[in-house]
Structure formats: structure tokens, C-alpha cells
Number of protein chains: 2
Amino acid sequence: MPRGPRPFDLADCAHIGANCTLFNLRKASRVVTQFYDESFRGARLRGTQFALLAGIYWRGTATLTELARLLAMDRTTLTRNLRPLRTRGLIFTVPGRDRRSRSVSITARGRRALSMAFPRWQNAQSRFVRRLGRTQWRKLMHSLQAAVRLGDSV
Amino acid sequence: MPRGPRPFDLADCAHIGANCTLFNLRKASRVVTQFYDESFRGARLRGTQFALLAGIYWRGTATLTELARLLAMDRTTLTRNLRPLRTRGLIFTVPGRDRRSRSVSITARGRRALSMAFPRWQNAQSRFVRRLGRTQWRKLMHSLQAAVRLGDSV
DNA sequence: GCATAATACGAGTATATACACGCATCGGCC
DNA sequence: GGCCGATGCGTGTATATACTCGTATTATGC
């Protein structure tokens with residue numbers, strides 16, 4: 001007769017390293033972050049900051065909430081990530097339509113920093129695509145964007 | 001006659017959101033982390049901590065450096081990530097072969113926590129695979145593992 | 001017009017991540 | 001046996017990330 005559910009699923013935990021989406025995604029994130037930051041070493045921007053600044057440049061003026069949603073980032077995280085950029089005068093915030101909201105924009109200095117760092121991004125990006133192979137890279141990008149879309153509906 | 005390289009590549013920066021591997025990977029990482037952590041809400045472990053604990057369980061006893069390499073994680077990051085697990089008595093460290101090295105192992109309490117949280121992981125994992133579609137999920141995993149392998153040779 | 005829900009934001013707290021640096025220890029070389 | 005590079009770790013510092021809570025403002029229902 002059945003003994004009911006096992007109390008321990010420990011044996012199954014052995015396969016988490018191979019099967020867990022979260023584990024593998026974060027691991028890849030660490031690897032790629034370090035890969036890109038190699039190219040940004042010695043620059044005053046990191047890869048993450050460069051991408052954020054480029055996002056602000058691309059988006060034009062946006063409120064914190066809009067930008068956070070665009071980046072699938074918690075709003076309070078965005079606020080804190082903006083701080084080093086703001087301190088260095090690469091971005092600025094002004095009151096939005098409401099007296100509640102604040103809008104973020106890139107400064108001239110920010111545009112200069114962006115264009116100065118662009119070759120470093122290009123270097124990291126091309127190194128990465130070459131090492132992975134363009135076909136495999138495209139698959140990776142498609143898969144990532146499919147995963148990101150899951151967040152939109154939530 | 002050629003004018004040399006343009007001083008500004010700002011126009012190209014507009015495409016970073018679509019092309020940058022780092023940006024898209026970190027964005028996906030945020031989305032998926034939140035997706036998994038929904039299932040771990042109310043539990044005493046987060047998704048990341050569960051995965052780390054499962055890794056320690058799977059690996060058996062390992063030094064910090066070995067484990068960090070296995071996770072593609074900076075050694076000092078691992079030390080800090082272990083702290084909350086250690087404080088709660090889910091893992092313990094003993095001197096290794098050397099008097100320099102320290103080995104990490106899971107405790108009985110850690111095994112219990114792991115098996116208690118396993119259904120939550122299973123819930124998140126199955127929800128994710130279902131939402132993404134099994135075929136697309138497999139592609140994602142393959143792509144991520146290919147990206148991770150880039151770190152091995154570095 | 002006013003009470004109330006909804007929206008927008010920051011601060012506090014905690015984890016996740018990595019680099020630079022320094023300390024302790026080990027192994028090899030003389 | 002002692003020096004010296006290599007190895008293993010922890011701490012200090014800084015960024016990256018998200019949740020909870022509190023405050024201010026706006027919109028809505030009556």
C-alpha cells in the first residue's frame with residue numbers, strides 16, 4: 001500500500017545544477033558580466049552602467065517608474081543604480097508632470113561619457129559574439145528575450 | 001578623403017538595448033529571479049540560496065575556491081553568500097587539508113531546509129517551463145550553458 | 001468638496017556581486 | 001633550515017538587486 005509522499009526529495013536536488021533555470025541564468029550572468037567588465041576595466045563606467053546610460057539616452061526623458069518597467073528593474077533598484085551616474089553629472093532629474101514624479105535625462109557630459117566608452121562596449125560585444133559564434137549568439141538573444149517577455153504579462 | 005573615426009557613436013547606442021548581450025542577460029536574470037522568488041515568498045530560503053544549498057549538497061564537501069569555481073562565482077562573493085546559510089546552521093565549515101583552506105558541507109538542518117523548500121522550487125520551475133514552452137526552455141538552457149562555457153577557458 | 005483609493009517616490013534593511021588588499025600558510029630551491 | 005613565490009582566505013569598499021514601509025501627491029466616488 002502507498003506510503004504517501006516521500007519526506008525528502010534530496011536525491012532530486014542533485015539535478016538542480018543542470019535543470020534549474022534560475023541557477024543557470026544567474027551563473028551565465030556572472031560569467032558574461034565579468035567578460036564585459038574586462039573591456040571596461042580602467043574606464044570610469046562599468047558594463048552595467050554603460051547599458052543603463054545608453055538606455056536613458058535611447059529613451060529620452062522618462063520617469064523613474066517608466067524606465068524601471070522598461071528595464072524590468074525594481075523602481076527602488078533603479079533609483080540606487082542612478083545615484084553614481086547622477087553624482088558624476090552624467091544624468092539629471094527634473095520634476096515630471098506631477099509633483100510626485102521625477103523625470104530622468106542624460107546630460108551633455110553623459111553623452112560624452114557614453115561615446116567615450118562605446119569602443120569598449122564594441123570590443124566586449126564583438127569578442128563575445130566571436131567566441132560564442134554568431135549563430136549561437138542569436139539563439140541566446142532570442143531565448144533571453146523570450147524569457148524577458150514572461151515578465152511583461154506578470 | 002577620409003575624415004578618420006567619428007568622435008561620437010551615439011546613434012549606435014540606440015541599438016544597445018536590442019543587441020547588448022550583457023544588458024539582455026541581466027534583464028532576463030532580473031525577470032527570472034523575481035519569477036522564482038514568487039514561489040519562495042514566505043519561505044526562509046530564496047531561490048538563490050536554495051540553489052546554492054543544493055549545490056553544496058550535490059558537491060559534498062568542497063573548499064571555498066573549488067565551490068566558487070564550480071559556480072563561476074568570485075570566491076569572496078561565495079564567502080558572503082554563505083554567511084546567512086551559516087548563521088542559520090544550514091552549512092558548516094571545517095579546516096581543509098591545509099591550515100589555509102576551509103571546506104564547506106551541508107548540515108542535517110540544511111538537508112531538512114532543502115527538502116522543505118524543494119516543492120517551491122518545483123513549483124517555480126514547472127511554472128516557468130510551462131509558460132515558456134518546453135522546447136523554448138531547452139533552447140534557453142543550451143544557450144546559457146554555452147555562454148557559461150566561455151568562462152571556463154578564461 | 002471631501003474621504004479614500006491609487007500612484008510616485010525615497011529610505012531602511014538585507015542579499016548578491018566583484019575588485020583590491022593584506023594575512024596566513026604551503027611548496028620548492030638553495 | 002630559511003627565503004620566496006604561489007595558494008587560500010577574509011575584510012574593506014562599491015555597485016546591483018529587491019522588499020517593506022512611510023510620505024507626498026493625484027485621481028475617484030459620492
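Here is how names work: the chains are called A, B, and so on, in the same order as the sequence lines, proteins then strands, and each is numbered from 1.
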Contact class for A/Thr77 vs. all strands (heavy atom < 4.0 Å): base, sugar-phosphate, or nothing? base
Going by the ring-ring contact (aromatic ring centres under 6.0 Å, His included) test, which pairs reach into residues 88-120 of chain B, not counting sequence neighbours? B/Phe118-B/Trp121
Whole-Å distance between D/dA14 P and B/Asp74 CG? 17 Å
Quick check on contacts: within residues 88-103 of chain A, what sits under 4.0 Å from DNA chain C by heavy-atom distance? A/Arg100, A/Ser101, A/Arg102
Positions of residues 47-65 of chain B (non-hydrogen atom under 4.0 Å from DNA chain C), listed by number: B/Thr48, B/Gln49
Is there a donor-acceptor pair closer than 3.5 Å between any side-chain N or O of A/Arg30 and the backbone N or O of B/Leu71? yes
Looking at D/dG10, does its base get a donor-acceptor pair with the side chain of B/Arg75 below 3.5 Å? yes
In this structure, OG1 of A/Thr107 is separated from CZ of A/Arg88 (nearest 0.5 Å) by 10.0 Å
Do A/Leu82 and A/Leu64 have side-chain heavy atoms sitting under 4.5 Å apart? yes
Beyond-backbone contact of B/Tyr36 with B/Gln125, side-chain heavy atoms, under 4.5 angstrom: yes
How close or far is atom P of D/dG10 from atom CZ of B/Arg80, stated in whole angstroms? 10 Å
From the 5' end of DNA chain C to its 3' end, which nucleotides mark the outer limits of contact with chain B, defined by a 4.0 Å heavy-atom distance cut-off (strictly under)? C/dT15 to C/dC26
Separation of A/Phe40 CZ from A/Gln49 CD (nearest 0.5 Å): 9.5 Å
CZ of B/Arg83 versus C1' of D/dG12: gap in Å, rounded? 13 Å
Is B/Thr76 near enough to D/dG10 that one of its side-chain N or O atoms lies under 4.0 angstrom from OP1 or OP2? no
pair A/Leu78-A/Thr65: side-chain heavy atoms closer than 4.5 Å: no
Would you say the side chain of A/Ile16 lies within less than 4.5 Å of the side chain of B/Trp58, judging by non-hydrogen atoms? no
By a strict heavy-atom criterion of less than 4.0 Å, which residues belonging to residues 18-34 of chain A are in contact with DNA chain C? A/Arg26, A/Arg30, A/Gln34
For B/Cys20 and B/Asn24, which heavy atoms make the closest approach, and how far apart are they? O-ND2, 2.8 Å
A/Thr33 vs B/Leu25 side-chain heavy atoms within contact, under 4.5 Å: no
How many angstroms lie between CG in B/Leu22 and OG1 in A/Thr48, if you round to the nearest 0.5 Å? 7.0 Å
Report yes or no: do B/Leu90 and A/Leu10 belong to one cluster of Ile/Leu/Val/Met/Phe/Trp/Tyr joined by side chain heavy-atom distances under 4.5 Å? yes
Taking the axis from the first five pairs and the axis from the last five, what angle separates them in the helix from C/dG1-D/dC30 to C/dC30-D/dG1, rounded to 10 degrees? 10°
For B/Arg46, answer base if it contacts any base atom (sugar-phosphate contacts may also be present), sugar-phosphate if it contacts only those atoms, and nothing otherwise; contact means non-hydrogen atoms under 4.0 Å. sugar-phosphate
Just by modelled atom types, is the B/Leu70 backbone N or O under 3.5 Å from a matching donor or acceptor in the A/Lys27 side chain? yes
Ignoring hydrogens and angles, tell me if any N or O in the side chain of A/Ser39 forms a donor-acceptor pair with the backbone of A/Phe35 under 3.5 Å. no
What I'd like to find out is whether the side chain of A/Leu45 reaches to under 4.5 Å of the side chain of A/Arg120, using heavy atoms alone. no
CG of A/Leu144 to CZ of A/Arg149: how many Å apart, nearest 0.5 Å? 10.5 Å
